[in-house]
S.K.: 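Before I ask anything, here is the structure I am working with.
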Amino acid sequence: MNLPPKVTDRAFARLSEIGAADQGQALRVAVEGGGCSGFQYEIKLDAPAEDDLVLEKDGERVLVDSVSLPFLAGAVIDFSEELIGARFVIDNPNATSSCGCGTSFSM
């Protein structure tokens with residue numbers, strides 16, 4: 001059995017800061033073919049779909065579609081603030097390698 005992704009408190013806090021739930025939106029994390037390593041993450045605010053896994057805390061939600069779920073099994077979705085910028089990041093134990101940008105990976 002695959003473990004669902006985990007969302008950190010920092011990621012949920014950032015969603016609250018930007019008012020995602022107040023706008024009827026949630027953070028969608030999806031995996032698509034492409035990028036320089038074979039797969040890439042798509043991270044955006046979106047409305048829930050019927051087949052989504054919904055991870056929720058304090059009214060904020062993170063969505064993962066059923067096709068992306070196996071690629072994100074056991075992953076950690078976090079929010080990072082550094083000098084170069086702030087962004088949602090994914091620590092994915094299924095990725096065998098990733099590119100420098102952090103949005104593309106291979107399995």
Side-chain angles (χ1 to χ4, degrees):
M1 179 178 160
N2 289 336
L3 294 174
K6 178 185 182 294
V7 182
T8 66
D9 290 342
R10 189 170 37 210
F12 279 122
R14 180 61 180 158
L15 286 172
S16 181
E17 286 173 16
I18 63 176
D22 296 338
Q23 302 170 40
Q25 300 285 297
L27 183 72
R28 177 170 301 283
V29 178
V31 175
E32 299 179 336
C36 51
S37 295
F39 294 101
Q40 63 187 1
Y41 298 113
E42 180 182 18
I43 301 173
K44 65 180 182 178
L45 291 179
D46 198 8
E50 198 170 299
D51 71 335
D52 287 338
L53 169 68
V54 179
L55 305 164
E56 188 170 0
K57 182 175 182 182
D58 299 330
E60 298 296 339
R61 298 173 296 176
V62 174
L63 312 171
V64 180
D65 64 85
S66 60
V67 174
S68 300
L69 192 55
F71 296 101
L72 294 168
V76 176
I77 301 163
D78 195 7
F79 184 76
S80 173
E81 280 188 272
E82 300 172 356
L83 289 176
I84 59 171
R87 63 189 176 125
F88 288 97
V89 294
I90 299 168
D91 180 13
N92 190 341
N94 304 302
T96 56
S97 65
S98 63
C99 68
C101 67
T103 61
S104 178
F105 67 99
S106 62
M107 293 181 80

S.K.: Side-chain contact, heavy-atom cut-off 4.5 Å: I77 with T8?
M.R.: no

S.K.: Keeping N92 on the side-chain end and F71 on the backbone end, is there a donor-acceptor pair under 3.5 Å?
M.R.: yes

S.K.: Give a yes or no answer on whether the side chain of Q25 reaches the backbone of D46 with a donor-acceptor pair at less than 3.5 Å.
M.R.: yes

S.K.: Please find the pair of heavy atoms, one from P93 and one from A75, that lie closest to each other, and give the distance.
M.R.: CD-CA, 3.6 Å

S.K.: Quick one: CD on E42 to CD on E32, what's the gap to the nearest 0.5 Å?
M.R.: 4.0 Å

S.K.: Between R10 (side chain) and F79 (backbone), is there a donor-acceptor pair under 3.5 Å?
M.R.: yes

S.K.: Please answer whether the main-chain N or O of I18 pairs with a side-chain N or O of Q23 as donor and acceptor at a distance below 3.5 Å.
M.R.: yes

S.K.: Do the side chains of L53 and P4 get nearer than 4.5 Å, heavy atoms only?
M.R.: yes

S.K.: Can you tell me how far the NZ atom of K6 sits from the CG atom of L72, to the nearest 0.5 Å?
M.R.: 15.0 Å

S.K.: Can you tell me how far the CG atom of N94 sits from the CZ atom of F39, to the nearest 0.5 Å?
M.R.: 10.5 Å

S.K.: Working note: V62 + L15, criterion side-chain contact (heavy atoms from CB on, under 4.5 Å); need CA distance, chi angles, decisive distance, verdict.
M.R.: CA-CA 9 Å; V62 174; L15 286 172; 3.9 Å; yes

S.K.: Can you name the residues that form a ring-ring contact (aromatic ring centres under 6.0 Å, His included) with F12, not counting sequence neighbours?
M.R.: none

S.K.: Out of curiosity, does V29 fall in the hydrophobic cluster containing V67 (side-chain heavy atoms, cut-off under 4.5 Å, transitive links)?
M.R.: no

S.K.: My understanding is that only residues two or more places apart in sequence, or in another chain, count here; which of them pass side chain to side chain donor-acceptor pair (under 3.5 Å) with E81?
M.R.: none

S.K.: Give every residue pair that meets the side-chain hydrogen bond (donor to acceptor under 3.5 Å, both in side chains) criterion with at least one member in residues 59-68, sequence neighbours excluded.
M.R.: D51-S66, D65-S68

S.K.: So do the side chains of P5 and I90 get within less than 4.5 Å of each other, counting heavy atoms only?
M.R.: no

S.K.: Kindly indicate whether the side chain of L69, heavy atoms from C-beta on, has any atom under 4.5 Å from the side chain of V31.
M.R.: no

S.K.: Apply side-chain contact (heavy atoms from CB on, under 4.5 Å) to R28 and V64, showing your working.
M.R.: CA-CA 6 Å; R28 177 170 301 283; V64 180; over 6 Å; no

S.K.: For the atom pair CZ (F88) and CG (L27), what is the distance rounded to the nearest 0.5 Å?
M.R.: 5.0 Å

